[in-house]
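Counting starts at 1 for both ligands and their atoms, following the listed order.
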Amino acid sequence: MIRQVRWTMLRPRYAPQTPAALLLLFLLAASGASAAAHRGVVANAASPYAKLKALDLDEVRWTAGFWAERFQIVRTNTIPVMWDALHHPENGARFDSFLEVTGAPGRITEPKRLNWWSDGDVYKTLETMAFVYALTKDPALDRRMDEMIALFAKAQEPDGYLSTPIKIKGAQRWQNLQNHELYNMGHLLTAACIHYRATGKRTFLDIAVRLGDYLHKTFQPRPPELAHFGFNPSNIMGAVELYRTTGDKKYLDLAGTFVSMRGSRPGGSDQNQTRVPLRKETEAVGHAVAANYLYAGAADVYSETGEKALLDALNRIWTDVVTRKMYVTGAVSNLYRGRSKRNDDVHEAYGVEYELPNRLAYAETCGNIANAMWNWRLLSLNGDARYADIVELVLYNSMLSGMGVEGKDFYYNNPLRRHGGELPRIIRLQDHPLRAPHLVCYCCPPNIARTIAGLNGWAYAKSENALWVHLYGANRLETNLAGGRLKLEQATGYPWDGVVRFHILEAPPSELALMLRIPAWAQGAAVQVGAEAPQKAAAGAYHPLRRRWRSGDRVELRLPMDPRLVQANPYVESARNQVAVMRGPLVYALESPDLPAGVRVSEIALPAGIRLAPRFDRGLLGGVTVLEGEARRIPEGDWTAILYRTLRAPQIQPVNIRLIPYYAWANRGMSHMTVWMPVAW
Ligand SMILES: [Zn+2]
């Protein structure tokens, strides 16, 4: 009888205090039903308007290849580097601030350097550790997290409020939305839920509950003076996740309040999406991290409430982003500083349509990651492959470019062109010419790290009788579906290679659909089950393989990996008459170390019919597939102190070039680099 309990109906509760609740959990566990299906990167198992449900944090394990390597890099290199940075006086985010406010003063010698959003970056670092712990059970990480959480508890004020920068800088609560209290608190809520799911310990979750209760009390009357609060509103996703973890509906109400209060009163600004209420908005505006966190949070709220006006708004904004405002790398935020069409001051922001500069691209790593988070949440609502394409585009390109190939240094911005040291690209005072281990603004490094560490949780999803494969990468999966247990292995060299093999190890007795994502670029993909004839699989959709699977069944997917020349809408002036090169999900770049001596990156044009040969080079940049071919060199001559001159016919010459994946640029010292190159007909 218990087997008939549908796992989608279970509302997870972390504290089953009543004997009946305990009995139910026991029976579910004993029955093999997926009582634990609320331990995912999001816990949407019971979300009524999410068609696709996340798997648990430890149900998918990378076994080899691209993401397994990056998971390992984050574990062995990035976590220690982040821990050092959080104790470094030049870093904008500091774990020391928790020591400072809990009885070890003197740690923060220059309070000015401490970012208002420092706490949030500390919580993201812990979230990274929790994701790694979920898969490794590394006791050293567990101890480190325990120590951190003990200090968080000590730093929390009796009413539940917690912000170390407010205390250290001597500010008052809720005076200025730029003080990022809700950003910090939102990341606390999320990290606490992930820590609970990874360890089963309630220590951090108890802090989150106290904070959630405080926030509910503070915001439930919707005080007018706080109507536009919440810059970088990670608090919406955090409150939804706290609701999903505890089952207490007041946190969902709180998340709804956070969405609705923005723009509810006059005096808002496009900068933090408070000029126009979200439900009436028609375009993406303002600070890109703030915008995308708002959209992602609203998608979470929609998954619980099914409110059509929210989804309609998200669809309008999404269309604006992907048809007018997104880079070919999936990056967003073209604008460092400027004005919105409604004449508000904006910075680190979405700009006007088609205005996508290359050298001066802002493209903050966090904004790009938030774009992926938003799209992954939209994907969960309905399984539309368009969203998965953008998730993948961001992950392989404009997220990964934020980190060096060894995982030890980071970029805040991700431009698509650089002219070496000759024309420094300094658009903010804190711009680093090369990636750096410490940043004046440290939001991006732990955001990349937590995304990679938890990416196994993004790779698949399940609906009642289907397993959805979103990301390809060698892994092993074990999960429960409505019909029973599913175990499989995925083997692939993706993204270097387009062949993906699945080996079923155990399958439910009932019919099950394996939903294979066929990216929009994969024209001509084919799927073969065992020795059956191969089937064509349409690009830009999930290809369903529905049947009764048996242990030992094998599936092979072949994605075409021919390099592609990509052009932009002619309105994108910075890319007009140019092409970018892509292969699979990867955007490629031309970087000066890969050109013959004396040849400049800006002299290279690609013939429209260029043949680019892929070659895997294990020793280069951590192991990458490069693309090699014969391009044309159009010598520029000397332009010193000249802005314009009469056109001269150039002596065009053939030149051999090598392209590298964009994410791996700037790992060989100062360089010239471009994603877009002129096309020669
Ligand atoms: Zn950032």
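Taking the six-membered ring where the residue is Trp, the centroids of Tyr295 and Trp374 are separated by under 6.0 Å. Between Tyr442 and His438, the ring centre distance reaches or exceeds 6.0 Å.
Salt bridge annotation for Asp344-Arg339: absent, with no cationic side-chain nitrogen under 4.0 angstrom from a carboxylate oxygen. Note on Lys325 versus Glu283: salt bridge recorded, some NZ/NE/NH1/NH2 to OD/OE distance being below 4.0 Å.
The Zn ion (ligand 1) has Glu364 OE2, Cys366 SG, Cys443 SG, Cys444 SG as protein N, O or S atoms under 2.8 Å away.
Residue Ala198 comes nearest to Ala130 through the heavy atom pair CB-O, 3.3 Å, listed as atom of the first residue, atom of the second, then distance.
Among pairs with a residue in residues 388-403, those fulfilling side chain to side chain donor-acceptor pair (under 3.5 Å) read Trp67-Tyr396, Asp389-Arg517, Glu392-Tyr494, Glu392-Arg517, Ser401-Asn414, at least two apart in sequence or across chains.
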